[in-house]
Each structure stands twice: as structure tokens, then as C-alpha cells.
Visitor: 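Have a look at this one.
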Amino acid sequence: MSNIYVLMGPQGAGKGTQSQLLADRFGLPIVATGDILREMSRKDTPFAHHVKEVLASGELVSDDILAKVIRDRLCLNDCVGGCILDGFPRTLPQALLLEKIAQEDGNRIVVIKIDVPRELLLRRLSGRRICKKCNSIYHVEFKPPKVDEVCDLDGEPLFTRPDDSIEVIQQRLQLYQEKTKPLLDYYGESNRLYRVDGTGTPENVFSRIAEIVAKETNTERGNAAQ
Ligand code: AMP
């Protein structure tokens with residue numbers, strides 16, 4: 001039995017940064033559906049063009065497409081010992097599908113919700129910059145690169161995601177309220193939900209999350225030994 005850690009929280013809560021820190025500390029793979037979809041959207045096919053359009057609009061990609069994306073990814077070998085989910089599930093049908101996949105593999109779902117006030121979310125999102133090549137995340141205010149608009153690791157120019165414009169950010173936060181927030185009740189009712197304070201430095205937030213993951217990893221080992 002392995003643990004599937006679901007990081008939840010609105011866009012800008014720091015799920016991407018925390019996933020990376022968790023992956024480094026606990027040796028778990030990150031499954032970030034947004035990254036997978038962005039990668040898919042770069043091809044020159046009608047399907048890729050469709051995905052690209054939906055991403056740029058800030059809408060959600062359909063549950064059918066996500067079902068295929070997540071099944072194809074979770075069945076890969078690196079997920080056998082568990083994984084970190086960033087950006088999935090986002091709707092109730094997706095949560096139910098994840099439940100089914102976890103049951104089939106005998107895995108547990110542990111949900112960690114990162115709480116951040118709305119004003120801070122907007123500041124974080126509008127200053128975010130990404131390296132297309134290595135997916136490193138920067139911020140003009142909170143984590144600037146050494147050279148303006150250039151990735152420290154590979155010298156590639158940084159870019160602003162099309163869905164990080166103010167209008168699209170508002171739309172994405174609205175969708176989060178409507179579609180994803182109800183999942184917190186769903187997981188809360190079955191006692192699988194932890195809430196952590198997402199303000200402060202990434203390291204502050206990480207120490208809160210790492211404590212939970214360490215505890216849950218021990219439970220996982222205890223269960224396996226029985
Ligand atoms: P993210 O990088 O997680 O903010 O995701 C970027 C975009 O990818 C979202 O605004 C959606 O258009 C799409 N996306 C990512 N994950 C999902 C999901 N689980 N369900 C539907 N759409 C998704």
C-alpha cells in the first residue's frame with residue numbers, strides 16, 4: 001500500500017513549489033496535470049490545438065480527457081511507491097475516478113489543502129514566471145532570477161503563462177470556488193483532509209507539510225507491516 005498525496009488549494013497557493021520540495025525530500029514523483037496538458041498542447045494536432053485553447057481561456061479541460069491523462073500517468077512504474085498529485089482532482093467526477101484507481105491499486109489518498117488569502121494569491125500569480133525548458137518557477141517580487149527574465153539553470157528566456165493574466169486569473173479562481181472547493185467537504189467528511197497555513201516563505205510552508213507527510217509515511221509503513 002502506498003500513499004497518493006493530493007495537494008489542493010487555489011492557483012497561486014504554492015502547490016507547484018511545495019510538490020517540488022516534497023519530491024526532493026521524500027523521493028516521490030510529481031504528477032502535475034497542468035504540466036502534462038501544457039506539454040500535450042505543444043504538438044501540432046487538432047487535439048493539441050483544442051487543449052491549448054482551453055488552457056489559454058482558463059477553463060477546465062474535460063473530465064474525459066483528464067481521465068485518460070491520469071490513468072496513463074499513474075500506471076507508470078515510478079508511481080508504484082506513491083506520488084504527489086498537483087492539480088488533480090479538480091472536480092467531483094475526477095475525485096471519484098481517483099478513488100477508483102487508488103482502490104484498484106490498494107493505495108491511500110491523503111489530501112493537503114494549502115490556505116492562502118485571496119490578495120496574496122493575486123500578487124503571487126501575476127508576478128509568476130516560468131522556464132519552458134525545465135519548468136522552474138520564478139517570481140518577479142518573491143523569487144527573482146539572477147538576470148531579469150532569464151532562467152538561472154539553463155539561460156532560457158522566462159515567460160508568463162497565458163493563463164496568468166489578471167482576467168484569466170480571476171476566471172480560474174472563480175472556477176476553483178465553484179468546482180474544486182466542494183472537494184474539500186468530500187475529503188473532509190472521510191477524515192483524509194489536512195489544512196496548512198500557506199503564508200510565509202516556501203520553507204516555512206514546507207516544514208508544515210513535511211511533518212504531515214512524514215507522519216502519513218509512517219502510517220503507510222505500519223499498515224504494510226501488518
Ligand atoms: P495548473 O498548472 O494546475 O494551474 O493547470 C493549468 C490549466 O490546466 C488549468 O487552468 C486547466 O485548464 C488545465 N487543468 C489542469 N489540471 C486539470 C484538471 N484536473 N481538470 C481540468 N483541467 C485541468
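As the structure lists them, so they are numbered: ligands from 1, and atoms in each ligand from 1. Source: prediction; values computed, not measured.
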Visitor: Below 3.5 angstrom, do we get any N/O pair linking V61 and ligand 1?
Guide: yes

Visitor: Verify whether one side chain among E99 and Y186 offers a donor that lies under 3.5 Å from an acceptor in the other.
Guide: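 Yes, because at least one side-chain N or O of E99 sits under 3.5 Å from a partner of the opposite role on Y186.
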
Visitor: Please determine whether the number of non-hydrogen atoms from other residues, nucleotides or ligands lying under 6.0 Å from atom CG of N77 exceeds 12.
Guide: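 Open: at most 12 neighbouring heavy atoms sit under 6.0 Å from CG of N77.
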
Visitor: Ligand 1 versus R161, non-hydrogen atoms closer than 4.0 Å: side chain, backbone, both, neither?
Guide: side chain

Visitor: What protein heavy atom sits nearest atom 23 (C) of ligand 1, and how far off is it?
Guide: L37 CD1, 3.8 Å

Visitor: What about Y194 and M8, same hydrophobic cluster or not, with Ile/Leu/Val/Met/Phe/Trp/Tyr joined at side-chain heavy-atom distances under 4.5 Å?
Guide: no

Visitor: Could you work out, for atom 3 (O) of ligand 1, the closest of R38, Q11, R90, E59 by heavy-atom distance?
Guide: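 Minimum heavy-atom distance to atom 3 (O) of ligand 1 goes to R90.
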
Visitor: Give the atoms of ligand 1, by number and element, whose distance to some non-hydrogen atom of Q94 is under 4.0 Å.
Guide: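 By the 4.0 Å cutoff, the relevant atoms are 18 (C), 19 (N), 20 (N), 21 (C).
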
Visitor: Got the closest protein heavy atom to atom 16 (N) of ligand 1, with its distance?
Guide: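 Here the nearest protein heavy atom works out to T33 OG1, 2.8 Å.
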
Visitor: What residue and atom, counting heavy atoms only, is the protein's closest point to atom 8 (O) of ligand 1, and at what distance?
Guide: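 Answer for atom 8 (O) of ligand 1: L55 CD2, 3.1 Å.
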
Visitor: Let me confirm one number: the CZ-NZ distance from R90 to K179, rounded to the nearest 0.5 Å.
Guide: 11.5 Å

Visitor: Report, in ascending order of atom number, the atoms of ligand 1 lying under 4.0 Å from any heavy atom of R172.
Guide: 4 (O), 10 (O)

Visitor: Would you say CD of Q170 has more than 12 non-hydrogen atoms from neighbouring residues, nucleotides or ligands within 6.0 angstrom?
Guide: yes

Visitor: Looking only at side chains, do Q174 and E178 share a donor and an acceptor under 3.5 Å apart?
Guide: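 On atom types as modelled, these side chains qualify, holding a pair under 3.5 Å.
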
